[in-house]
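Note that these values count all heavy atoms, side chains included, but never hydrogens, waters or copies made by symmetry.
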Amino acid sequence: MTFTPFDPLEFKNTKVNDAALGALKREIDNILSSYVGWYDPFCELIQNALDAVEARVIAESAAGTEANYTPAVRIRIDLDHNSLTVTDNGIGLDKDKFEQFLAPNFSFKSGKTRGHKGVGATYVAYGFNYMRISTKTPGFAASGRIIGARNWLRSNASGGNPKVEPDDSKQLDEAFDAYDRGVSVTVRFDETSHPKRLDWIKTNTAERWHRILSIKTGLGSVSRDTSISVCIVVISKGEETRSETVGTSYLWLHGSTTKSVSIKELAAASKALFEKYGTGRRLPDRYRNLDFIHETWTAEEIGHLLGSQLDEEELEVLAKHTPTISVEYGYTTKLWQSFNDSLHLRGGGYRVLHTGIQLAANNMPQGEPILVPLKRYTGRQNQVHFLVHFDNYTPDLGRKGFHRELSDFAKSVSQKLLETQIAKFHGSMKANSGASPDLAREIAISDWKNEMLDHEAKQPLQLANKHFFLPIERVSITSVPTREQDVIALFHQLVAGGVVRGLNVMSTNERFIYDGLFRISFDLNPELFIHDPEENPLGVSSEVVTALQGKVTPPRVLEYKFSLDGLVEDFDSQSKNIKDIDLCIAWETGDLYVERYGITSLLIPENSDQRQYHGITHVLYDIETGAKHCDLIILSELIEHLNDPSVSAEKQRQKYE
């Protein structure tokens with residue numbers, strides 16, 4: 001069926017004079033400027049298709065013919081020709097709707113659909129220089145295209161509004177020919193559109209694109225739909241790949257791991273174990289060494305768990321928007337990194353799935369994730385992914401901006417759930433070593449050490465003079481350190497002054513992630529190393545000195561921090577690996593270590609025989625396994641101990657035992 005070319009804007013204005021046209025252009029331009037996301041074209045076309053098939057399900061059910069209908073959505077991504085086609089066998093557009101729906105701020109949808117503000121179709125029509133739309137309904141079928149609309153919008157010329165003209169050419173998605181009703185829309189991208197190139201993200205297979213769209217669009221439905229047939233076709237370099245599934249649902253990583261348990265199941269197992277055996281009984285293996293813990297809470301459950309902790313505004317949001325909150329908490333941030341790597345995305349740190357809080361409305365994720373606002377254990381921000389869905393709400397236009405009270409609610413409740421419900425089961429997770437690929441990492445560190453050994457051999461630094469470094473009974477630094485560089489300066493003075501003995505600090509460079517290298521040396525007079533409570537309180541046992549006399553170790557990795565908190569955060573963020581570090585020099589311990597790590601104080605007299613080399617004040621170990629991680633020199637506590645050993649020892653017992 002053909003039709004007379006029409007101007008979509010005529011529906012808004014029966015008389016389009018220059019002033020009215022200028023106002024319309026500004027109105028459309030404002031709509032387009034609100035669409036800033038790379039995946040916005042996918043979001044709009046897919047949500048329209050999903051709304052259409054769901055509307056038809058309702059219609060078929062009312063007619064008693066639902067058994068004869070299988071809702072279907074097809075997505076064709078042509079990377080070679082830079083085009084996107086979304087096809088559905090939904091309710092279709094009749095003649096009136098076909099001619100009217102592209103007009104700005106005009107919508108046939110209700111508040112229960114994924115989009116009903118009347119801007120999405122306008123964005124698709126005028127945000128690109130090519131759009132084709134085909135429709136079938138009982139008694140009406142048409143296919144038309146609108147060309148150059150984006151360029152027209154950007155020009156200052158009057159008149160010549162782009163029109164939807166009949167297009168009898170072959171359908172890009174031939175499946176549409178077999179549908180009895182539905183809609184198929186194609187847009188092409190160019191240098192004026194956003195995005196410009198669909199191959200920009202580098203992913204080129206249908207299976208990978210399916211994962212991406214299940215995170216970024218309505219295919220990632222918050223409430224799983226098990227009826228919709230979804231087919232994704234990707235054309236890249238002349239080759240076609242296809243991904244076909246039944247159902248839409250948000251992509252959760254815990255669904256593809258071998259060991260994940262819901263928080264409610266963990267809580268029930270812990271309760272049953274306590275009631276049967278009392279305290280001290282370990283959970284069965286199926287509840288230990290987990291990759292993920294996960295859960296979904298309804299608004300009623302959130303009110304029960306956190307009601308007393310919510311303020312008046314948060315309680316109002318809870319009642320008005322009945323949020324559902326889902327979460328997955330992984331033992332390491334590398335779980336998300338590995339998933340993103342599996343998509344073969346473009347370089348430069350580009351990621352599709354992020355930790356944090358993903359807001360959602362209209363049964364689909366919308367906008368970019370926001371950070372969980374933790375004040376302690378901030379590394380866990382990178383180990384958790386929340387999906388917070390609000391009912392009775394639609395975000396602002398294309399920007400998917402949620403009102404402040406909703407985003408504040410999501411941040412506040414996510415923080416509380418993490419600290420009260422998730423943290424209690426942290427001990428059931430796999431130990432997080434922070435490991436990057438071990439072999440490559442070890443080779444890189446070995447190469448770095450060899451490079452520094454070569455530098456040391458070629459350019460040694462020697463200073464031997466009997467007039468230097470005599471005891472002056474004080475350091476030249478006159479105030480407490482305030483930053484890492486002060487810690488470095490103070491530590492080197494302590495080494496030069498003989499307070500810490502036998503640590504030889506090597507030169508290093510700025511190209512590697514760690515601060516430096518050192519050797520442990522027992523090549524001085526043995527008496528200088530032996531522990532004495534008054535004269536040498538940082539010494540080691542005579543047995544250690546005897547066994548290691550004359551020995552010098554290979555290079556070891558050294559880290560400087562103002563606070564040990566910084567090192568814990570490095571471990572949590574995966575920027576540094578706990579396996580690599582042998583010694584950390586810090587001014588203070590901070591408190592981030594408390595939940596995951598333990599510290600043994602060697603400043604307690606009865607522990608001094610555990611010191612393996614001169615100057616070490618503490619040892620950091622795994623709180624679950626007891627395995628040693630690295631040695632510590634905590635300078636504030638070292639100085640306090642040297643000034644008053646008895647008072648220091650008591651403080652050490654209170655803090656660490």
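- In terms of heavy-atom proximity, V352 sits nearest to I215 at CG1-CD1, 3.9 Å.
- Side-chain contact annotation: N607 with S601, donor-acceptor N/O pair under 3.5 Å absent.
- Separation of atoms CD1 (I235) and CD1 (I77) is listed at 8.5 Å; rounding is to 0.5 Å.
- Between the OG atom of S326 and the NE2 atom of H294 there is a distance of 10.5 Å, given to the nearest 0.5 Å.
- Contact detail for T355 and P369: the closest heavy-atom pair is O-CB, 4.0 Å.
- Atom CD1 of residue I325 and atom CG of residue L387 lie 9.5 Å apart, to the nearest 0.5 angstrom.
- With K430 as reference, D291 is the one residue of T332, N289, D291 to meet the side-chain hydrogen bond (donor to acceptor under 3.5 Å, both in side chains) rule.
- Ionic pairing of E207 and R242 is not present here: no N-O contact between side-chain nitrogen and carboxylate oxygen is shorter than 4.0 angstrom.
- A donor-acceptor contact shorter than 3.5 Å links the side chain of K449 to the backbone of P555.
- Within the model, atoms CD of E588 and NZ of K561 stand 13.0 Å from one another, a figure rounded to the nearest 0.5 Å.
- Relative orientation of the W252 and Y250 rings is perpendicular, given thresholds of 30° and 60° on the angle between their planes.
- For the atom pair NE2 of H629 and CZ of R596, the computed distance is 9.0 Å after rounding to the nearest 0.5 Å.
- Annotation: E275, atom CD; neighbour count of heavy atoms from other residues, nucleotides and ligands within 6.0 Å is above 12.
- Taking the six-membered ring where tryptophan is involved, the planes of Y593 and Y656 are tilted, since the angle between them lies from 30° to 60°.
- Proximity of the aromatic rings of F402 and Y393 is defined here by a centroid distance below 6.0 angstrom, and this criterion is met.
- At a cut-off of 3.5 Å, with distance as the only test, no side-chain donor of K424 or S270 sits close to an acceptor on the other residue.
- Taking each heavy atom of S414 and V388 in turn, the nearest pair found is OG-CG2, 4.2 Å.
- Between Y350 and W200, a ring centre-to-centre spacing shorter than 6.0 Å is recorded.
- Residues H354 and E368 bring no donor and acceptor atom of their side chains to less than 3.5 Å of each other.
- Side-chain contact of E295 with Q421: a donor-acceptor pair under 3.5 Å is absent, judged by distance alone.
- In this structure, CG in L620 is found 5.5 Å from CD1 in I599, a value given to the nearest 0.5 Å.
- Under a cut-off of 6.0 angstrom, the local environment of CD in E405 is crowded, with over 12 non-hydrogen atoms contributed by other residues, nucleotides or ligands.
- In this structure, W209 has its ring center closer than 6.0 angstrom to the ring center of F42.
- Using modelled atom types, one finds a donor on one side chain and an acceptor on the other under 3.5 Å when comparing D580 with Y514.
- Checking T241 against R208 by side-chain atom types alone, no donor-acceptor pair falls below 3.5 Å.
- With no hydrogens or angles considered, no side-chain donor-acceptor pair links T85 and R76 at under 3.5 Å.
- None of K259, E265, R282 except one satisfies the side-chain hydrogen bond (donor to acceptor under 3.5 Å, both in side chains) rule with Y287; the exception is E265.
- At a cut-off of 3.5 Å, with distance as the only test, no side-chain donor of H321 or E316 sits close to an acceptor on the other residue.
- The aromatic ring centres of H254 and Y329 sit 6.0 Å or more apart.
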